[in-house]
Every structure is written in structure tokens, then in C-alpha cells.
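Encoded as C-alpha cells, the structure appears first; notes follow it.
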Amino acid sequence: MGTTTQTLEHNLDLAAIRRQFPILNQQVNDKPLVYFDNAATTQKPLVVIDALKNYYQKDNANIHRGIHTLAERATADFEKTRDTVKEFIGAVHREEIIFTKGTTEGINLVAQTWGRANLKEGDEILVSGMEHHSNMVPWQMIAQEKKAKVIIIPINDAGELLMDEYEKLLNSRTKLVAVVHASNALGSINPVKHIIQQAHRHGAVVLIDGAQSTSHLDIAVSDWNADFFVFSGHKVYGPTGVGVLYGKRELLESMPPYQGGGEMIGEVRYDGFTWNELPYKFEAGTPNIADVIALKAALDFISVLGKQNIRSYENTLLQYAYTKLESLEGIRFIGTAKEKVSILSFVFNDIHHQDLGIILDKEGIAIRTGHHCTQPLMGRLCITGTSRASFAVYNTIEEIDRLEAGLKKAIKLFR
Amino acid sequence: MNISIDDIQKEIIEDFSILDEWDDKYAYIIECGKKLKPLPQEYKNEEHLVRGCQSQVWLHAEHKDGLVYFYAESDAIIVKGLISLLIKVLSGHKAEDIVKSDLYFIDKIGMQSHLSMTRSNGLASMLKTMKVKALLFLEQEKAN
């Protein structure tokens, strides 16, 4: 493989980065692991693993109301993450950052609180044709309940939003626009700032799903004027089970709470309760303290490397993969938008994606196959699923060579 | 009734024992998949679909002269190959023998991972459906 390998210019110390991810250093089916399923979840650097370990070994205590030293330490670290997230996504106020279980919970929270309080019969919710089920089903659920309509913003065959069509769909009945920043199945990056501007002209609020963009692209919720923004910790090198909902303060203040319990209350009497101020109003119960604390380590890890460096390197990987794979007979790339994150989806007309996935796994290469929780999108593109390789900052050119070799081997077996 | 479920399994295990490398084993299974008789179009419908997350399997079962016959197909070739092995082992036997059968050959030929939950390929559901169908035929036999 050495003959095909190119050297690439970048500002990252790849050897040092890879040392941060001990999981990468293992054999799978007697081959060195190649992990290309980063859009599903990224691996965790030592700084994150250490933060988790450190918390449980030294600081574990329930937060916010404890009077003792451990509780104070845990609370301070927990709240530090809120400040880091605020900076990381370009928010103005720390109380606009709500910790959730992940992107899915963030979207459901908005649908069930903002949606329940604001939607009525005949209202329209616009979602794009490339949404993950988690940014589709919560809206279908609340729309059904409120007799509102979910309307799809169409896409072209390359997997780009049709912005003219979007603008035509906006009207006085449009109450909310929910759009993914970067598509998990295709990699397409949507022009979120423009989408938000257009929606605001018609008085609609906008939720941006940042699950696939937050580790790759600059996030600037305040500059975009986004109303809601959601992302997951585990896709940004952080732990599973933690995520963030950003909401504009005035909106969050106007919304009823999501769940009842401890932490979210102001005062409780036998005949009723008042709710706590932001952000605690939306954080009922003991939160996921350890994972929230470790999320800070993950975001710091990204910030130290620099988003621009990461984006530029991952884009180089993506372009290299396109060049290597396009010569494979019968390959068809799915999602060829001009602006993309490092997600490469493809199909072969005569080889089922599941078969490809099985053989690549035998070669120690982890990719994702299937519909990627975007069944309506697959229907729109007239396919049942794709094979998807998604790249993270620790991936290498040599690993893409391995993918090419693995695919060649699979093709030989199947044809 | 000629050869037993047990003997067929032993035969398959022997066939596989000469294949050392994983790619030879898969090449064999892919070959079995390619050779599997296509399921008549009339059975490729919702009623015969065994749902999997990634690949689909259609299964049809018949009960004739006291024996159960299976016909199946999948859109993925490895699953299709594994199906063809299951059919080879189970089809043409008494319902009672199918219900009681222990399909140890899958493990012995190193294909047990395809029955695991994470594969979500419909193969595990297909195996279960085959046994359920046999069980229903058995109940019918008893009722008659």
C-alpha cells in the first residue's frame, strides 16, 4: 500500500492525536482497526476518559444543593462545562445552555414544550428532506397532536436543499423550521444562517440540528440568530448520554418545563409548584454530572486542535477518498453537495451494502451500512441504503488506502 | 426420508472444515447464495417478508405429505447464502424434527455472528419463523 500513499500538508500532529485514542490501537479480525464510523459516534480521547475517571475517583457528589466540599467541587466543574459550551457554540448567555441526554432529547424537548405551547391547528412546520428520523418524528408527533402540518423542504439529486422552494414554502402559517446543519447520510452542509434569516422574515422560529456539524464546523448560534441549536456529546469526542440544547433566553423563558422533579422547581407545596429559573427549569432530576464534566474536556480537545485545522484536514481526507474510490467499477456516490463535511456515502448497484459491511469488518474496517435513520431521504433518492465512511481528525490517508483495498477485495468476492 | 437434519449439518461442517481462510468461507457462502433458486415473485410480498433492519428476507413454507418445505430469498447475498444452508438443512423434513432441531452447524462453521442481534439482518428472525411455521404445521397434524 506504501506506493499509493501520499503525504499531505496539514498543521496537525497526527501521531500525538492518535496517541490520545488508545482504542484505535487494536486488531479487529486480526487486522489493525480502521474506524470510519465517526458519524455514528466518535472515539474518546484520553483527556475525556481521564476526566470521567477523575470525577468518579475524586469529586463524585450530587450537585447544586450540597454544602460540603465535594458537592461544591462537582458543581463548579459541572457549571464550567456550561461556560465552555457557551463559548464553543457562540452563545451570549450561559443560562441558554441546557444539558440533555443528546440531540434527540433536545429536539423532543422543544417539540413537547415550545411546540405544545405554540402550535395550533393549521400551523406549518418545515423540515428538510434530508432529516434524521430524530428531527422528523418529534415534529410529526406534535403535529399530529395539534393538527398542524409537517411540510418537507425538497432537495436536489446531489443532496442540496432547494432554497428557492424553501422560500416559496414560507408563509404566515409557518411556525417552526427544523433543519439539519450537516446531513448524517450525505454530508451536505446547509446554509443555516440564510435559512434562519428567511424564516425570521415570516416570524417562524428555527431549530438547527448540529449533531453532525459540531465537531467539524464553526458554530455561531448568536451570529446566525438561531432560536434553537442541538448537539450530542458523543459525536464530538465526548461521552455518550450527554447533549446540549441551546435556546434563546426569551424563548426558553416563555416555554413550560419539560419534565417535573427535583432541581427544576422553585417552590413546591401540596397544592402546586413554581418552577426554577433558567437553565435549571429544564434540568429536572440529578443530571448526568460525570459526562457533562467530561464534555468540557472533549470541547477543549477540539479547540486546542483548532476547528479550521480539523476541517481542512478532514476535507483533505474526504477528497483523497473520492479520488481513490471513484475508480472502483460500478461505484456511485450518494450526496455530492458542493459543501460537505467528511462523510462519504456510496452504493454499488450489484452489491448490497450489508454484504459490503460484513466483508469490510472482516478486514478490520468499521463503516456504517443501511438507511442511516433517514428512510424518507433514501426513498427520495430511490435507494434502500448506502455504505458510509465518515472521517474524524484521527483518521489517516493510509486508512483510506485500506478502505480501497478492502472494497476491491469485497468486489472480487461478490462479482 | 433419506438423510437426517443431523447428518446434513455434519456434511456442511465437513465442507467448511477444508476452508481455512475467512474469505474462502465467505466465497463458499456467496456461491450458495448465487445458486439459491429464486423465490417465485408471488411470494415476494409483505405477507412473506421477514423484517430485518438492513436486508430483507422473504420466506414461504409448504406442508406436503407430512414433510415441510421452505423457499426463501434475500436482497443481500451473504444472507441469501446462509438461507440456502438453512434450507438445505431443514427443508424436506418432518415438522416435529424441525421443531426439535438444534442448529449447531452455524456455530461450527463460524457464522454465529450473523445470528446476533447487532447484525439486524433478518436471519435470526428467519430461523425463528422457520421453526414457528414448522410448529404450526405440527399442531395441524395433531389436530387432524
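Each chain gets a letter, A, B and so on, in the order the sequences are listed, and its residues count up from 1.
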Quick one: pull up [atom1] in [X] and [atom2] in [Y] and give me the separation to the nearest 0.5 Å.
| X | Y | atom1 | atom2 | value |
| --- | --- | --- | --- | --- |
| A/Ile359 | B/Trp22 | CD1 | CH2 | 4.5 Å |
| A/Glu363 | B/Asp23 | CD | CG | 7.5 Å |
| A/Thr384 | B/Gln56 | OG1 | CD | 7.5 Å |
| B/Ser113 | A/Asn29 | OG | CG | 8.5 Å |

CD/B/Glu42: more than 12 non-hydrogen atoms of other groups inside 6.0 Å: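 Count over threshold, so yes.
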Heavy-atom proximity to chain B below 4.5 Å, by part of A/Ile351: neither
query: Side chain, backbone, both or neither: which part of A/Lys409 has a non-hydrogen atom closer than 4.5 Å to chain B?
result: side chain
- prompt: Going through the distances and angles, do A/His352 and B/Ile77 end up as a side-chain contact (heavy atoms from CB on, under 4.5 Å)?
  reply: CA-CA 7 Å; A/His352 195 279; B/Ile77 193 77; over 6 Å; no
query: Which bit of B/Ile78 is near chain A, if near means a heavy-atom gap under 4.5 Å: side chain, backbone, both or neither?
result: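 Contact with chain A involves both backbone and side-chain atoms of B/Ile78.
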task: Kindly indicate, with the supporting measurements, whether the criterion side-chain contact (heavy atoms from CB on, under 4.5 Å) is fulfilled by A/Gln354 and B/Asp75.
output: CA-CA 10 Å; A/Gln354 185 186 48; B/Asp75 52 352; over 6 Å; no
message: Please check this pair: side chain of B/Lys34 against backbone of A/Phe414, looking for a donor-acceptor N/O pair closer than 3.5 Å.
response: yes
task: Compare every heavy atom of B/Ala27 with every heavy atom of A/Leu413, then report the nearest pair and how far apart it is.
output: CD2-CB, 3.6 Å
